[in-house]
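Since the structure comes first, as structure tokens, the remarks are kept for the end.
What you see is a predicted model; the values in this text were computed from it and never measured. Chain A is the first sequence line, chain B the second, and so forth, proteins listed ahead of strands; every chain is numbered from 1.
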There are 2 protein chains.
Amino acid sequence: MTGERATRRRSTQQLAVVLAAVRESGREHPSAETIFARVRDRLPRISLGTVYRNLQRLVDDGAIGMAQLGDRVVRYDPTASAHDHFVCLDCGDVDDLVAGAPEGGLRAARQAGHAPTSHALVVYGRCRACQEG
Amino acid sequence: MTGERATRRRSTQQLAVVLAAVRESGREHPSAETIFARVRDRLPRISLGTVYRNLQRLVDDGAIGMAQLGDRVVRYDPTASAHDHFVCLDCGDVDDLVAGAPEGGLRAARQAGHAPTSHALVVYGRCRACQEG
DNA sequence: CTCGGTGCAAAGGGTTTGCATACAT
DNA sequence: ATGTATGCAAACCCTTTGCACCGAG
């Protein structure tokens with residue numbers, strides 16, 4: 001019974017503007033609230049619910065990434081492909097990290113009989129800017 | 001001005017029972033709600049707020065660990081020392097991983113000028129039990 | 001014309017907090 | 001006696017959702 005037909009998706013202005021807002025965010029890893037504020041400049045009547053719905057859709061489609069970085073909020077990421085993150089404990093800034101697979105963790109998982117398929121690595125510390133002075 | 005005096009901490013029955021509940025949890029990584037339910041068997045009048053307050057205190061004191069494993073809730077961990085986690089995408093079970101430092105990530109952070117002090121690694125996949133059959 | 005997307009506002013789920021009281025010290 | 005910890009309930013914060021209307025196809 002795979003009979004359900006995929007519902008046709010419409011491309012709206014709101015969707016485009018949300019995507020643009022995430023894409024323009026550089027290494028900032030904005031929260032939904034931040035996106036909301038930014039998107040409002042262009043579409044003053046957009047609602048927070050719509051922002052959440054479109055962000056979710058973009059994540060599901062693989063157009064953007066999503067990360068939990070230790071605090072409560074979900075962060076969105078213009079880089080959709082898998083990568084890791086550095087979070088500064090002083091200023092909260094986030095940086096992308098390009099690192100190979102965490103072999104130690106994967107090996108430990110396999111040794112326990114598990115079959116790893118993905119991972120999330122967040123490195124915490126003091127960022128470059130916060131070390132000066 | 002380091003004049004604030006540390007407030008004297010009292011050891012209550014509630015604190016002891018919360019700690020015991022976490023310690024008895026094995027590799028289960030219970031949420032606050034789970035701890036609450038368990039603790040209630042022994043202290044029927046304990047409140048959820050007290051459970052949260054005591055869990056927070058135990059974490060601050062380094063008596064127990066705390067982890068965010070991808071879903072919304074905070075998990076508590078009888079193992080206070082740093083270690084990583086495996087989460088089964090099928091059944092949700094959590095397993096501890098003993099892995100060395102994630103060198104790739106740390107190196108990438110240092111290369112960007114940051115000074116790493118800690119990290120959180122969660123490996124996702126299919127657990128041993130879910131692979132059988 | 002259709003029916004998926006939107007705006008609004010309310011609900012949800014997890015966690016924190018203000019306050020009067022209880023109790024460890 | 002002192003003031004920290006508790007119980008209760010309300011507040012908080014982030015996110016999701018129900019519903020009537022709008023608008024892309």
Side-chain angles (χ1 to χ4, degrees), chain A residues 4-22 29-61 63-77 92 94, chain B residues 3-22 28-61 63-77 92 94:
Chain A
E4 296 116 26
R5 89 168 37 185
T7 97
R8 255 203 316 271
R9 321 185 114 193
R10 294 176 184 175
S11 73
T12 64
Q13 222 175 126
Q14 287 88 340
L15 179 65
V17 173
V18 168
L19 176 56
V22 177
H29 301 78
S31 67
E33 275 297 341
T34 304
I35 297 289
F36 180 48
R38 189 160 311 163
V39 151
R40 256 190 167 170
D41 294 343
R42 290 223 247 155
L43 262 45
R45 296 193 52 75
I46 198 171
S47 73
L48 185 55
T50 293
V51 170
Y52 272 105
R53 279 183 290 235
N54 280 319
L55 285 170
Q56 190 53 62
R57 174 171 162 184
L58 291 165
V59 169
D60 291 346
D61 292 355
I64 64 175
M66 190 180 177
Q68 285 198 222
L69 267 25
D71 55 3
R72 173 159 331 202
V73 305
V74 172
R75 309 305 198 102
Y76 297 90
D77 193 329
V94 180
Chain B
E4 295 115 28
R5 89 170 37 187
T7 97
R8 252 203 318 271
R9 322 186 114 193
R10 294 175 183 176
S11 74
T12 64
Q13 223 174 124
Q14 286 88 338
L15 178 66
V17 173
V18 168
L19 176 56
V22 176
E28 182 202 341
H29 301 78
S31 66
E33 275 295 343
T34 304
I35 296 289
F36 179 48
R38 190 160 312 163
V39 151
R40 256 191 165 170
D41 294 343
R42 289 223 246 156
L43 261 47
R45 297 194 51 77
I46 197 170
S47 73
L48 186 54
T50 294
V51 170
Y52 272 106
R53 279 183 290 235
N54 280 319
L55 285 170
Q56 191 54 62
R57 173 170 163 186
L58 290 165
V59 169
D60 292 345
D61 292 354
I64 64 176
M66 191 180 177
Q68 286 200 221
L69 266 24
D71 54 4
R72 173 149 336 194
V73 306
V74 171
R75 309 306 199 101
Y76 297 90
D77 194 328
V94 180

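For B:T12, whose side chain is taken as the heavy atoms from C-beta onward, the closest listed nucleotide among D:dC14, C:dT15, D:dT6 is D:dT6. The side chain of B:S47 has D:dG7 as its nearest neighbour among C:dT15, C:dG7, D:dG7. Between C:dT16, D:dT6, D:dT4, one nucleotide has an atom nearer to the side chain of B:Y52 than all others, and that is C:dT16.
Between the CG atom of A:L15 and the P atom of C:dT6 there is a distance of 7 Å, given to the nearest Å. With rounding to whole Å, B:D61 atom CG is found 14 Å from D:dA5 atom C1'. Rounded to whole Å, atom C1' of C:dG14 lies 12 Å from atom CD of A:Q68. Per the geometry, CD belonging to A:Q13 stands 15 Å off C1' belonging to C:dG7, to the nearest Å. Atoms CE (B:M66) and C1' (C:dG14) sit 12 Å apart, rounded to a whole Å. C:dT16 atom P lies 13 Å from atom CG of B:N54, rounded to whole Å. Taking atom CZ on A:F36 and atom P on C:dA9, their separation rounds to 12 Å, with Å as the unit. Going from atom CD1 of B:I46 over to atom P of D:dC8 covers 11 Å, rounded to whole Å.
To the nearest 0.5 Å, the span separating OG on A:S47 from CZ on A:R45 amounts to 10.0 Å. In this structure, A:L19 CG and A:Q14 CD are separated by 13.5 Å, a value rounded to the nearest 0.5 Å. Note: A:R57 CZ to A:T12 OG1 = 7.0 Å, rounded to the nearest 0.5 Å. Between atom CG of residue B:D77 and atom CD of residue B:E28 there is a gap of 11.0 Å, rounded to the nearest 0.5 Å.
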**Q.** side-chain contact (heavy atoms from CB on, under 4.5 Å) between B:R9 and B:D61, intermediate numbers included
**A.** CA-CA 11 Å; B:R9 322 186 114 193; B:D61 292 354; 2.6 Å; yes
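For the pair B:Q14 and D:dA5, the criterion of a side-chain N or O lying under 4.0 Å from OP1 or OP2 is not met. Distances shown here put every side-chain N or O of A:T50 at or beyond 4.0 Å from the OP1 or OP2 atom of C:dG5. Contact check, B:R9 against C:dT25: no side-chain N or O comes under 4.0 Å of OP1 or OP2. Considering only side-chain N and O atoms, A:R45 lies under 4.0 angstrom from the phosphate OP1 or OP2 of C:dC8.
Side-chain atoms of A:R10 come within donor-acceptor range of the base of C:dC3, with a qualifying N/O pair under 3.5 Å. Donor-acceptor pairing under 3.5 Å, judged by distance alone, is present between the side chain of B:R53 and the base of D:dG7.
Partner of A:R40 under the side chain to side chain contact (heavy atoms under 4.5 Å, CB included) criterion, chosen from A:L48, A:V51, A:I46: A:I46.
B:S11 comes within 4.0 angstrom of sugar-phosphate atoms only, judged by non-hydrogen atoms across all strands, and of no base. Within the nucleic acid shown, B:L48 comes within 4.0 Å of at least one base atom, counting heavy atoms only.
For the helix from C:dC1-D:dG25 to C:dT25-D:dA1, the end axes, each set by the C1' atoms of five terminal pairs, are bent relative to each other by 30° (nearest 10°).
A heavy-atom distance below 4.5 Å is not found between the side chains of A:V73 and A:E33. Side chains of A:Y76 and A:T34 form no contact here, defined as non-hydrogen atoms less than 4.5 Å apart.
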